[in-house]
Amino acid sequence: MTAEHLTIAWICPELLGTYGDRGNVIALVSRAQARAIPIRVVRVDAGQPVPESADIHILGGGEDLAQEEVARQLGNDRGLRRAAEAGRVVFGVCAGYQLLGTSFVTHDGRTADGLGLLDIRSEHAARRAVGELLGTVPAPLSLPPVTGFENHRGTTVLSGDTRPLARTMVGVGNGDGTEGGFHRHIMGTYLHGPALVRNPALADLLLSWATGGSLPVMNDPWTEGLRSERLTALGHKPVTCIETEGAAK
Ligand code: GLN
């Protein structure tokens, strides 16, 4: 975090922003402001350099052609890579998740290079995964269950140091019983919803990574009500936390 502000780089929202993923930026801003953390958003449109000094870099979901274009541009830019290597937070959803990996499959079946920030590769499944997604988040992250919805054709294989975000209880996620992935402060997920609105503990985890400290508890009845409603709809009893052992850094 810079001395004055927490800075969010909102990357290519015109290309990566399906299903209301802009709500992830809104959630981070609102939850930071509720804790009196000064925060600003820098919009990085296609063709503009990614500011490696931003504290949190956000990428949303997108269609296959847009995903390929953003991967190409960011691969040439290097700003996101330098930010990730410096330990800054990177959060990608769906297309934004897949392109953080080493490779993904394009609309016409080619294998395209990702950025290689996560040790994951994405392939095409026989069927598109569409519907609600629910997963439990084990140690070391130890968050309450995550919920959202998914709409993707890719399935994702994790290896090396990249660990799954969640164990899938409802839905497809990565396609192997897990959902999302993270390494250090780089995280990706198939959760739309938007993910950081539906899962405030996930938003607070990213903010705590970016600020380097834990955040005061926030009273947010609207969001908690939404969580309860969605978890109940999936037949899952709302709980606030599971597997509290340890905390991820
Ligand atoms: N194009 C990717 C897929 O279908 C990502 C889709 C998305 O971002 N919703 O797998």
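Remember, it's 1-based here, ligands and their atoms both numbered in the order they're listed. Every heavy atom of this structure was used, including side-chain atoms; hydrogens, water molecules and symmetry mates were not.
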| For residues Y97 and S122, is any side-chain donor paired with an opposing acceptor at under 3.5 Å? | no

| When you check the gap from the basic side-chain N to the acidic O, do E179 and R163 get nearer than 4.0 Å? | no

| Option whose closest heavy atom lies nearest to atom 9 (N) of ligand 1, chosen from N151, L59, L16 | N151

| task | Report yes if some N/O of A95 lies less than 3.5 Å from some N/O of ligand 1; otherwise report no. | result | yes

| Is R43 salt-bridged to D45, cutoff N-O under 4.0 Å? | yes

| Heavy-atom nearest neighbour in the protein, as seen from atom 7 (C) of ligand 1, with distance rounded to 0.1 Å | C94 SG, 2.8 Å

| Looking only at heavy atoms of Q98, does any of them come nearer than 4.0 Å to an atom of ligand 1? | yes

| For ligand 1, which atoms, with element, lie under 4.0 Å from some heavy atom of G154? | 3 (C), 10 (O)

| task | Using atom types as modelled and distance alone, determine if a side-chain donor or acceptor of D176 lies under 3.5 Å from a backbone N or O of T178. | result | yes

| query | What orientation do H192 and Y19 show, parallel under 30°, tilted 30 to 60°, or perpendicular over 60°? | reply | perpendicular

| query | How far is atom 2 (C) of ligand 1 from its nearest protein heavy atom, and which residue and atom is that? | reply | Q67 OE1, 3.3 Å

| said: Need the ligand 1 atom indices (1-based, order shown) with element for anything under 4.0 Å from a heavy-atom of G61. | reply: 8 (O)

| query | If you count the atoms of ligand 1 from 1 in the order shown, which ones are under 4.0 Å from a heavy atom of R153? | reply | 3 (C), 4 (O), 10 (O)

| task | Can you sort out which atoms of ligand 1 are near R128, meaning under 4.0 Å from one of its heavy atoms? | result | 4 (O)

| message | Would you compute the distance between atom CG of D55 and atom OG1 of T211 and round it to the nearest 0.5 angstrom? | response | 9.0 Å

| said: Please determine whether a side-chain nitrogen of the Lys or Arg among R72 and E69 lies less than 4.0 Å from a carboxylate oxygen of the Asp or Glu. | reply: yes

| request: Report the C-alpha distance between R81 and L117 in whole Å, list the side-chain angles of each, state the deciding distance to 0.1 Å, and finish with yes or no for side-chain contact (heavy atoms from CB on, under 4.5 Å). | output: CA-CA 7 Å; R81 173 176 309 284; L117 302 181; 3.8 Å; yes

| query | Among all protein non-hydrogen atoms, which one is nearest to atom 1 (N) of ligand 1, and what is the separation to 0.1 Å? | reply | D64 OD1, 2.3 Å

| message | Taking a cutoff of less than 4.0 Å between a non-hydrogen atom of the residue and any ligand atom, is E150 in contact with ligand 1? | response | no

| For ligand 1, is any non-hydrogen atom under 4.0 Å from Y19's backbone (N, CA, C, O), its side chain (CB onward), both, or neither? | side chain

